[in-house]
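Working notes for the structure below.
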Amino acid sequence: MNFYKLLKLNMKEFPKKLDPSSFESKWYETWKKNKIYLKQNKNKKPYSILMPPPNVTGILHFGHVLNHTLQDIYIRRHRMLGYDAQWFPGMDHAGIATQARVEKMLKEEHNQTRYDLGREKFIEKVLEWKEKYGGIIFSQLEKLGVSANWDKLLFTMDQKASEAVRDVFIKLFDEGLIYRGKRIINWSPVSMTALSDEEVDWKEVNEKIYTLRYKFENSEKYLQVATVRPETIFGDVAIAVNPKDGRFAEYIGKKVIVPFVGRAIPIITDDYADPDFGTGCVKITPAHDPNDFEVGERHNLEKINTINPDGTMNDLAGILNGIERFKARKVIMQELEKAELVEKVEDYTHNVGFSQRGGEPIEPYLSDQWFVKMKPMAKIALDAVKDDSIKFHPPHWMKTYTHWMDNIRDWCISRQLWWGHRIPIYYTEDGRQAAAKNEEEARAKLDLDINTKLKQDPDVLDTWFSSWLWPMTTMNWDSTNQENSDDDFARYLPTNLLVTGPDIIFFWVARMIMATKKFSNTIPFSDVYFTSMIRDGKGFKLSKSLGNSPDPLKIIDKYGADATRFTMIYLAPLGQDVRMDVDVEAQDIPSIDIGKNFANKIFNACRFLSMKFNEAGDTRAELSQSSKSLADRWIESRLNNTIKEASKAIDSFNVTVYSKLLYDFIWRDYCSWYVEIVKTQFSNNENEQYRQALTTFSIDIFDKVLKMLHPVMPFITEELWHLINDVDDNESISLQETPKENSEKISTNIENEFNIVTELIEKIRQMRASSNLKPSEKVEAFISSIKDKVVESVISNSEVNQLVVSICNLSSFRMSGNIELKHSANDVFRACKLTLELPEKSEEDIAAEMERLQKEAQRLEKQIAGIQKKLSNERFVNNAPKEVVEMEQKKLDDMNANLLKIKENL
RNA sequence: GGGCAAUUAGCUCAGCUGGUUCAGAGCAUCUGCCUUACAAGCAGAGGGUCGGGAGUUCGAAUCUCUCAUUGCCCA
């Protein structure tokens with residue numbers, strides 16, 4: 001038993017309304033000042049979480065709020081469970097996004113391009129930008145209350161991280177797992193860089209499909225060939241038909257003339273040609289379509305690239321030279337029409353890729369790029385999930401993961417950007433190459449003398465190439481010699497939990513597993529929690545462009561961080577999307593009221609306790625076992641049950657259930673029932689010592705539930721914990737131990753007994769309400785014909801009697817015989833007579849009551865018929881377990897008895 | 001085209017391995033209350049053939065199949 005010092009505030013000082021702004025930032029500052037989340041304790045068991053590094057350009061959105069709240073909950077919970085809980089934050093250099101941001105600024109402020117500055121100067125600019133504007137998200141995360149260890153913050157471009165990236169590249173290159181190849185990749189003509197498959201969004205687009213006439217050599221006869229991209233005909237090298245397609249058998253090997261272009265190309269057979277698609281003939285343009293590229297590879301065809309990196313047509317495109325790709329389509333169609341080479345034009349819906357970042361249509365583009373061979377990596381990564389060393393929550397994501405791994409394609413890692421980790425490949429003038437830390441090492445590797453000129457590859461690496469090493473680099477991994485790594489490496493890796501959105505399962509989660517397994521021979525984390533997607537009331541994803549994503553900071557200002565955190569968690573079921581009504585006009589999310597009202601409820605409960613404590617005086621006593629009422633023992637049982645269930649929920653990653661259990665306990669059990677009962681217990685017993693003991697006991701329950709709630713609502717729990725404990729500001733609830741359930745206090749008997757009381761009270765309240773009694777009007781209540789011994793003993797308890805009288809505002813409550821039944825009750829009281837001594841009743845009241853009874857009788861008759869049917873079914877009686885049959889029989893008896901009573905009254 | 005999920009009250013969702021939490025919670029609605037913390041509150045009420053159909057079973061919101069609708073991912 002914990003003895004509480006006098007609450008520091010007396011009621012005059014205790015604020016009437018909860019004002020989160022009065023303490024949220026104060027407490028965060030205090031936590032920071034005392035460095036309570038930075039301290040490591042090597043005597044404790046480690047628990048670690050890796051923060052998905054936000055982009056340097058990032059600003060807080062609701063996805064972050066949910067994600068970081070979840071991480072904070074697990075970190076805080078484990079800290080309170082006695083672990084050395086460390087949360088490693090980071091920041092991502094976000095190649096394309098950042099470069100685009102700085103280029104835009106250059107354009108606007110100085111009307112310059114990056115080429116005007118040159119590579120080195122440009123990178124300086126980016127770094128300047130980063131210092132000035134980068135990472136504002138971290139101060140925003142502080143508003144949310146995240147207890148990360150900011151001392152550990154690492155930037156993906158920091159030296160340590162950059163060295164790891166470079167060394168890993170070299171290792172993979174030397175192993176033959178990185179190669180350079182001329183491939184069709186996703187090209188952004190706007191950013192002028194390659195993109196990985198994962199950086200492309202496919203959307204359905206309504207376009208046209210054009211059927212063109214490819215005439216046979218020296219003939220007016222022609223083949224009809226359908227295409228959606230007529231502008232690429234200058235790159236045509238063949239027409240493919242399906243080998244099984246009899247219609248074209250006679251033409252195979254013959255040549256047709258590319259319309260307008262005039263070049264002769266062969267007709268070939270390939271399974272890729274779908275007899276049912278279009279005309280059955282497909283033009284093969286290996287430089288402009290990934291499928292055509294494969295056909296070209298199989299048949300050893302030429303690859304004619306007719307498009308420039310900026311999306312205009314090049315000099316191989318004849319008259320289209322210099323024209324932008326979509327304009328070129330119109331131009332060539334006009335020419336083809338003129339030459340009567342168009343058979344027909346039809347509407348056509350198909351999928352087109354768009355850059356995830358900029359939204360521009362991507363171009364399948366033939367170019368030299370660097371790739372990582374993924375098949376060997378995938379195998380390692382698949383095993384880690386299949387053998388259960390890494391668990392996904394919810395587990396069904398494993399299916400998506402394995403599906404991707406089974407169908408994995410090589411990863412295009414080069415980007416034609418300046419901002420990022422430069423590819424550590426050095427070329428000699430005669431075209432030899434080596435991957436090396438620097439020129440010196442490259443020369444050594446290539447066996448060259450120091451005067452040989454070398455050129456470093458101009459490209460940088462995909463941003464995710466640094467992200468996949470994140471579990472290692474944040475732990476100060478020494479990429480050349482793992483033995484030399486920082487202590488953190490051995491202590492905190494594998495981390496315990498990763499919380500992330502399922503949208504980056506391939507980008508990041510899968511690749512981290514690959515890299516960590518491959519280079520450190522361990523897993524990066526043991527559990528992965530995939531968060532929900534946040535949508536508005538109509539089901540749209542919250543996004544800036546839709547205007548349906550209010551600024552979380554405004555929401556936090558309005559409702560408080562605790563309220564925001566709680567609501568998000570309360571509404572976000574594991575593995576499903578969260579829908580929250582968004583008031584776009586007001587940029588508001590009204591449902592955050594759930595958390596706000598809850599915070600207010602907790603606050604007021606504390607206010608009540610403080611008041612009673614002051615009333616009782618400041619000496620203290622323990623509530624002895626013998627002086628505990630049924631309600632006291634009930635709340636203890638409920639508390640411990642809640643602790644037990646909630647712990648189970650959170651340990652199995654069911655945070656929503658955790659929050660709901662605490663919400664229900666506090667609101668319903670503690671506030672609605674127990675606090676009301678404490679009031680009567682308090683006023684019915686004037687013994688000072690008893691009063692002190694009772695308040696102490698009530699506060700103790702409250703203190704424990706505050707600790708349970710702290711991970712979800714860190715600020716208000718800290719504030720109230722300090723109010724009831726009178727501890728120094730340097731101490732924190734987050735460093736206290738979380739309560740463990742005391743199973744001795746859990747008693748189903750006591751809970752059942754107490755349920756009889758609550759049910760009785762509810763019945764009386766219903767009767768009062770339906771009798772239109774004024775709340776202030778005192779009446780007598782009687783109960784009789786109690787068959788159940790337990791019910792009888794509970795009700796005859798004098799404490800319970802007092803309670804019922806006071807809570808239901810009765811003049812007296814008596815057990816009595818020969819009282820007419822006026823109202824019926826369903827459950828434990830179904831066979832009891834319960835009646836209120838009412839003043840006079842109006843005709844209307846009686847009529848309304850009769851109607852009610854009639855309805856109730858009908859309902860019962862229906863249920864009885866159902867049970868009778870069940871019981872008369874021999875197969876049920878024979879097959880179902882005995883208890884079930886008995887239960888049904890008892891139910892039937894009770895219902896019949898009840899029906900009888902009602903009928904007597906009608 | 002392939003994969004993954006979802007469909008329960010007007011809205012947002014609980015409901016684990018089929019039978020005592022079985023049809024629930026919160027919001028919204030209606031009625032009555034400024035009752036010794038809380039009107040951001042309290043008490044009460046109405047509201048659903050658990051997406052359609054079939055099957056398994058003594059028994060299905062729960063398991064299987066199928067159809068429909070919606071969303072996500074991949075090609």
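Letters A, B, ... are given to chains in the order of the sequence lines, protein chains preceding strands, and every chain is numbered from 1. Values below: all heavy atoms of this structure, side chains included; hydrogens, waters and symmetry mates excluded.
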Revision key, fill the gap. By nearest-nucleotide position on RNA chain B, the 5'-leaning member of Lys660(A) and Ser806(A) is Lys660(A)
Exercise for review: On RNA chain B, check which nucleotide each of Phe598(A) and Thr680(A) is closest to and give me the residue with the more 5' one.
Suggested key: Thr680(A)
So if I take every side-chain heavy atom of [X] and compare against [options], which nucleotide ends up nearest?
{"X": "Asn600(A)", "options": "rA37(B), rC4(B), rA40(B)", "answer": "rA40(B)"}
{"X": "Glu762(A)", "options": "rU12(B), rA37(B), rG44(B)", "answer": "rG44(B)"}
{"X": "Tyr570(A)", "options": "rG26(B), rC38(B), rC74(B)", "answer": "rG26(B)"}
{"X": "Lys596(A)", "options": "rU12(B), rA40(B), rG26(B)", "answer": "rA40(B)"}
{"X": "His396(A)", "options": "rC38(B), rC73(B), rC4(B)", "answer": "rC4(B)"}
{"X": "Arg409(A)", "options": "rC4(B), rA43(B), rA75(B)", "answer": "rA75(B)"}
{"X": "Asn604(A)", "options": "rC4(B), rC38(B), rU12(B)", "answer": "rC38(B)"}
{"X": "Arg765(A)", "options": "rC4(B), rA37(B), rA43(B)", "answer": "rA43(B)"}
{"X": "Ser672(A)", "options": "rA37(B), rC42(B), rC73(B)", "answer": "rC42(B)"}

Point to revise | Name of the residue among Arg638(A), Lys644(A), Glu645(A) meeting side chain to side chain contact (heavy atoms under 4.5 Å, CB included) with Thr642(A) | key: Arg638(A)
Point to revise | Note: Arg229(A)-Glu363(A) ion pair, threshold 4.0 Å (strictly below) | key: yes
**Study point:** Pair Glu688(A) + Arg691(A), salt bridge at N-O below 4.0 Å
**Key:** no
Is there a side-chain contact between [X] and the phosphate of [N], meaning an N or O under 4.0 Å from OP1 or OP2?
{"X": "Gln766(A)", "N": "rA45(B)", "answer": "yes"}
{"X": "Lys399(A)", "N": "rC73(B)", "answer": "no"}
{"X": "Trp404(A)", "N": "rG2(B)", "answer": "no"}
{"X": "Asn597(A)", "N": "rG41(B)", "answer": "yes"}

Exercise for review: Answer yes if the side chains of Asn749(A) and Ser747(A) hold a donor-acceptor pair under 3.5 Å, and no otherwise.
Suggested key: no
Exercise for review: Give a yes or no on whether a donor-acceptor pair under 3.5 Å exists between the nucleobase atoms of rC38(B), that is its base, and the side chain of Lys601(A).
Suggested key: yes
Practice item. Using only heavy-atom distances, decide whether a donor-acceptor pair under 3.5 angstrom links the side-chain of Glu676(A) to the base of rA37(B). Key: yes
**Study point:** Cation-pi check, Arg511(A) onto Trp411(A) ring (under 6.0 Å, within 45° of axis)
**Key:** yes
